[in-house]
Amino acid sequence: MIPPFTLCMLSDHPHLVPACAAWEAGEWGGPLEQALAEYAAARPDGLPLTVVAVDAAGAAAGMVSLWVSDCPLRPEITPWMASLYVAPAARGHGLGSLLFARAETEARRLGIDRLHLMTQESEDHYRALGWQTFDRIDGPGAMAGAALMRKDLAG
């Protein structure tokens, strides 16, 4: 059974920005101050946009974002689904898939017909969700040996 989570826009719950920023900095590196600024800029009507899962106690349990850019090696590619994170205590209940589905719904609402993502470890999982690999890169950090994937949302 999936515990009760509410999926909301981070822009409607700014008190959760520090948790999202800490996950970003801890999971993918980079300065916490930069992550705080990026998540504080989340908006409901355009990019950047972050969907956050909130548990019954009102704490952040997971997140996913839509960014204009997520790959410095491929700045011409936009927009991106990025920063999917589920807190360890909330894992194993399908929350990541729920967050992804909600982010795709939000992208469609914004008129976005194609999303991109970058992954080092979950290519098969995303392929099962309808994503297609279109390139590979080998850069530093989260870009080392990463697959670039896309998903068409139209139709």
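Note: hydrogens, waters and symmetry copies are ignored here, and every other heavy atom, side chains too, is used.
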Is it the case that the side chain of T78 and the backbone of S69 share a donor-acceptor pair, with hydrogens and angles ignored and the cut-off at 3.5 Å?
no
Please report the shortest heavy-atom distance between [X] and [Y], naming the atom on each side.
X	Y	answer
R136	A147	NH1-CB, 3.4 Å
G46	L110	N-CD2, 3.9 Å
P44	L49	O-CD1, 3.9 Å
G62	L99	C-CD1, 3.8 Å

Applying side chain to side chain contact (heavy atoms under 4.5 Å, CB included) to L47 and W67, what does each step give before you reach the verdict?
CA-CA 6 Å; L47 304 183; W67 301 114; over 6 Å; no
Can you find a heavy atom in the side chain of M63 that is under 4.5 Å from one in the side chain of L84?
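Sidechains of L84 and M63: no contact.
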pair Y126-Q132: side-chain heavy atoms closer than 4.5 Å:
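Result no, sub-4.5 Å side-chain heavy-atom pair not found.
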Rounded at 0.5 Å granularity, tell me how far [atom1] in [X] sits from [atom2] in [Y].
X	Y	atom1	atom2	result
R108	L115	CZ	CG	8.5 Å
M81	D70	CE	CG	11.5 Å
S122	L117	OG	CG	9.0 Å
T133	D135	OG1	CG	9.5 Å
I112	L66	CD1	CG	6.0 Å
W131	K151	CH2	NZ	7.0 Å

Is any side-chain N of the basic residue among E104 and R109 closer than 4.0 Å to the acidic one's carboxylate O?
no
Could you check whether the rings of H93 and F5 sit parallel, tilted or perpendicular, using 30° and 60° as the cut-offs?
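Ring orientation, 0 to 90° scale: tilted.
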Stacked cation flag R91 on Y85, 6.0 angstrom / 45 deg:
yes
Please walk me through it: do I137 and L148 pass side chain to side chain contact (heavy atoms under 4.5 Å, CB included)?
CA-CA 7 Å; I137 58 170; L148 299 182; 3.8 Å; yes
Suppose the criterion is side-chain hydrogen bond (donor to acceptor under 3.5 Å, both in side chains): which pairs have a residue in residues 55-64, not counting sequence neighbours?
none
Hey, can you pull the donor-acceptor pairs under 3.5 Å for the side chains in residues 6-27, sequence neighbours left out?
{"from": "E24", "atom 1": "OE1", "to": "Y39", "atom 2": "OH", "distance (Å)": "2.6"}
{"from": "E24", "atom 1": "OE1", "to": "S83", "atom 2": "OG", "distance (Å)": "2.6"}

Start with the C-alpha distance between R127 and M149, add both sets of side-chain angles, then the distance that settles side chain to side chain contact (heavy atoms under 4.5 Å, CB included), and finish with yes or no.
CA-CA 8 Å; R127 189 176 296 113; M149 304 182 81; 4.3 Å; yes
